[in-house]
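We use all heavy atoms of the structure for the numbers below, so side chains are in, but hydrogens, waters and symmetry mates are not. Each ligand, and each atom within it, is numbered from 1 in the order the structure gives. Since the model is a prediction, treat every value here as computed from it, not as a measurement.
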Amino acid sequence: MKRVYIETYGCQMNVADSELMFGLLGGAGYARADDPAEADVMLVNTCAVRDNAEQRVIGRMGELQRHKRPGDVLGVVGCMAQRLGPALLERVPRVDLVVGPDAYRNLADLIGLAGAGRRVSDTSFRDWEHYEDVPPVREPGPTAFVTVQRGCDYRCTFCIVPYTRGAERSRRLADVVREVAELAASGTSEVTLLGQTVNSYHDGTHDFADLLRAVGAVGGIRRVRFTSPYPTEFTLRVVEAMEATAAVCEHVHLPVQSGSDAVLRRMLRRYTRRAYLEVVARLRAAIPGVTLSTDIIVGFPGETEAQFEETLSLIAEADFDDAYTFKYSAREGTPAVRLHDHVPDGVAAERLDRLIEVVRANARRKNAGRVGQVHEVLVERPARRGGLMLGRTRTNHLVLLDLPPSAAGEYHRCRLTGTTGSTFTGAVVTPTLAVL
Ligand code: 5AD
């Protein structure tokens, strides 16, 4: 039996796509390898969102090709494969295979050709493709990603994703519910619904509000998360569904990108700072205790010091619990590369440092205030160090617990006993069983 190794970079959807590829290739007779040295096929599932993500992959390809024996296949899949296409075969001489996110159905055939010495690529878009008939092969555990929407119809001027993942399409609600029910039957109790603008989900009949209610009603599903929503798609219907669905967790990741209206306009984000803050207020009013995280880009073309300071002031005003912060990276083929007034790298780097400091200070302050609180924690997996287990609150805080590995999948009421500023230590207060 041939063995396939997949290394995954980038977003949660790439993690889910790698699980899909294990499913596709498992069906074609491939076993999974956890070590590239043992694999006949090595695939790197890539991200194209920023240049440094791509540079890391180029470097990694150099390392992986050392494991390549005659007849072995080294492939690049995912968004960077889609973006660069066959040019990647020129650029990295020992790569045999380049396959984009809509072409995974052909992966086994293409691997066969590559194994026979051909250098192959498939980067065609197939806007009907959901891989509906392909059961993903997941790491067993209490949590799972479920892709509900692929592609993106927004055109944020900085973003490469519409050009790497193609047009937006939603799976049918009944198909999503069936998959979630199967997951629940095999012991998963938390699902994260994935889509590029997940709350614009619409299958022709049902919208995201319907989806939340339906997934939340699946027996055995105790937690529902979703990522990433688009601010203006939080309609009253969606917020009401969140409110009415007990399983929906009290955490929303809500990318804002900038606190300046002028920058938001140049980014073609379809809201103002004020409209964003109204969405935040709506979520806070409907879902008591909800935590908020966000994505922010600094150094977007034309961003002035004053505009950057509007982003800084938004951290306190929106009172974010956490933020993923990025320096703008020009992506060839996106509209923003044609904008003038590129911000010098040193200026952008300095803004990033200042932003990170403000984000951290806000998170530290908020988290220090949470010590002593009691939260429901789902025990996920062993922590990297100290023989502890890692769990997560509904509000998406990580908690280290002194529990045995057999506790994975259990829900416990835990007191937060301390914080590093970002993660917590905790102690079980009333042991509860994972019986629903
Ligand atoms: N440069 C920097 N950050 C980017 N992101 C998307 N495109 C770019 C880019 N060209 C960030 C956004 C998005 C997150 C996934 O990555 O903040 O929400």
Does atom CZ of Arg381 have more than 12 heavy-atom neighbours, drawn from other residues, nucleotides or ligands, at distances under 6.0 Å?
no

Identify the heavy atoms of Asp321 and Lys366 that sit nearest to each other, and give their distance.
OD1-NZ, 3.1 Å

Would the Tyr230 and Tyr154 ring centres measure less than 6.0 Å apart?
yes

Atom pairs, nitrogen or oxygen, ligand 1 to protein, under 3.5 angstrom:
residue, atom, partner, partner atom, Å
ligand 1, 1 (N), Ser329, N, 2.9
ligand 1, 3 (N), Arg50, NH1, 3.3
ligand 1, 5 (N), Arg50, NH1, 3.4
ligand 1, 10 (N), Phe158, O, 3.0
ligand 1, 10 (N), Ser329, O, 2.7
ligand 1, 16 (O), Arg50, NH1, 2.9
ligand 1, 17 (O), Gln257, OE1, 2.6
ligand 1, 18 (O), Gln257, NE2, 2.9
ligand 1, 18 (O), Asp295, OD2, 2.7

Looking at Met80, is its backbone amide N or carbonyl O close enough to the side chain of Thr46 to form a donor-acceptor pair, meaning the two atoms are under 3.5 Å apart?
yes

Cation-aromatic face contact Arg50/Phe326, 6.0 Å, 45 degrees:
yes

Over 12 foreign heavy atoms within 6.0 Å of CZ, Arg60:
yes

